[in-house]
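For the numbers below, each heavy atom of this structure counts, side chains included, while hydrogens, waters and symmetry mates do not.
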Amino acid sequence: MQLKFLWFFIFIIFVSCQKHTIEQKYQEDIYDTVVVGGGISGIKTAYELREKKIILLEKEERLGGRIWTKNINGTNYEIGALFGYTSSLLPENFNSEELIETNDKIGCYTKNHLYLEDNMFNAIKASMPQADQNIFKNLSEKNQVSEILPKLTNDSQAIIRTAFNIIHPGKMNEYVKARMNDAFFTFKTAQYPNGNNTLLDAYLKELNNKYLTGAKVLSVEQKENYILTTYIKNNKTVKLKSKTAVITTPSYITSEIIKDIKPSTKQFLKAIKYGKGAVVSIIVNTKNQKRFKYIITPNQSFNTIFQNLSKDKTKLIYTIYFIDSFITNNPTLKAEDYVNLVLKEIKTMNIGIFDEKNILHKDGYVWKNLGTIISQEPYITFTQDLLEPIKGVFLAGDYTFWNDWQIPYGIEPAFKSGIIASKKVKKYLEVHQNE
């Protein structure tokens with residue numbers, strides 16, 4: 001019995017020493033780069049720098065940011081970014097899955113009627129009163145939308161704004177004019193069998209566990225010859241030294257954690273605005289369900305209903321989005337409230353069977369920063385210099401990606417921002433390697 005207690009005592013000491021060794025390693029090592037934020041921009045940055053001495057810190061217990069694929073009984077569904085990533089974003093020599101395509105129509109559900117067409121422009125037009133259709137048919141150039149809106153009835157204006165909110169959570173008049181024609185764009189909704197997490201997994205397995213989850217960064221500051229990053233994990237505060245750092249968190253978090261940030265960057269970060277959103281997922285059997293790709297719903301509490309097939313093609317996955325204005329007006333609602341609200345309203349729409357026997361799963365999540373509101377103010381004087389707020393610290397994230405697309409929002413801009421940041425880090429390390 002005494003021998004058993006002795007071995008137990010030795011084991012406890014061993015575990016404690018191992019834990020202490022790991023913590024000491026993080027405190028004493030000087031890293032080439034500390035990456036803050038585990039969304040796709042942070043993961044891509046870390047991947048591009050994987051040959052360096054790096055560590056990625058993520059405050060949540062999972063990685064991925066707005067990419068969040070869940071699985072229930074073998075069926076994958078998205079509770080964040082819905083549109084499938086572009087296969088070209090995968091690492092080299094990584095075999096892409098085949099997309100699950102749907103050839104069904106898209107449409108608009110308004111005033112108890114569903115208008116289904118081959119594209120969004122025609123769906124919007126079909127759902128309008130005849131007088132508005134006559135005005136709308138003259139919209140040959142899509143960038144005239146801001147000029148034609150005041151000429152339409154309030155109902156038709158609401159339809160166009162709802163179509164705009166398919167991907168943009170804010171008010172239409174808050175956005176740069178170049179984005180307004182998004183209201184008429186027909187989006188591809190094909191999904192990968194294993195969801196968008198496949199993109200994350202493809203990169204994470206190459207990082208060799210060079211990341212920590214549950215690590216909330218408190219500050220990033222420049223010292224005399226290194227960057228000091230302070231984070232807290234398991235109620236323990238840890239300080240890391242590094243030559244550089246890449247911050248990929250949302251702008252409002254970034255402006256808080258970087259100390260002595262230069263004024264121009266602080267002003268840029270302050271001007272970035274995010275739209276809130278809520279996502280509800282409902283999984284049902286395919287039998288007796290009306291088929292479509294997605295429909296906009298200007299008269300409902302929610303904005304858009306997407307419909308996708310499960311991997312085994314025996315189930316339909318409905319992904320329903322609420323946009324910023326509804327959430328702002330209903331600040332006390334929680335995820336389960338949104339689920340219940342969807343079930344209450346969708347049962348009256350005659351687009352499928354949503355009784356308890358047919359529903360296999362339901363889930364919801366409320367996002368405080370579903371997407372960037374692409375307004376003119378932050379980007380009118382944008383330069384890459386804004387993305388180095390202090391020496392050796394670089395910013396990444398979809399909101400930092402500004403080019404001819406004028407759409408700093410989504411998987412691909414986030415991904416490309418990570419590539420840009422990693423190149424800056426490599427150049428910085430090369431120039432300052434002897435310091």
Residues in side-chain hydrogen bond (donor to acceptor under 3.5 Å, both in side chains) with Lys273, at least two apart?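 Residues passing side-chain hydrogen bond (donor to acceptor under 3.5 Å, both in side chains) with Lys273: none at all.
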
Establish, yes or no, whether the cationic atom of Arg50 lies under 6.0 Å from the six-membered ring centre of Tyr47 and within 45° of the ring axis.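 Yes, Arg50 sits over the ring of Tyr47.
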
Is the NZ or CZ atom of Arg66 both under 6.0 Å from the centre of the six-membered ring of Trp367 and within 45° of that ring's axis?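 Geometry flag: not set, cation outside 6.0 Å or 45°.
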
Salt bridge [X]-[Y], side-chain N to carboxylate O under 4.0 Å:
| X | Y | value |
| --- | --- | --- |
| Lys276 | Asp324 | yes |
| Lys416 | Glu412 | yes |
| Lys334 | Asp337 | no |
| Asp32 | Lys53 | no |

Approximate separation, where rounding is to 0.5 Å, of Thr45 OG1 and Tyr203 OH: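 Taking OG1 in Thr45 and OH in Tyr203, the distance rounds to 11.5 Å.
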
Ile160 side chain reached by Leu149 side chain, heavy atoms, under 4.5 Å: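 Yes, at least one pair of side-chain atoms sits under 4.5 Å.
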
Tell me whether Gln267 contacts the main-chain N or O of Ala271 through its side chain, where contact means a donor paired with an acceptor under 3.5 Å.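 Checked: no pair found.
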
Suppose we screen for salt bridge (charged side-chain N to carboxylate O under 4.0 Å, His left out). Which residues come up paired with Glu117, at least two apart in sequence or across chains?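 Expected list: none.
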
Give me the atom names and distance for the closest heavy-atom approach of Pro250 to Asn369.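 Of all heavy-atom pairs spanning Pro250 and Asn369, the closest is CG-ND2, 3.1 Å.
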
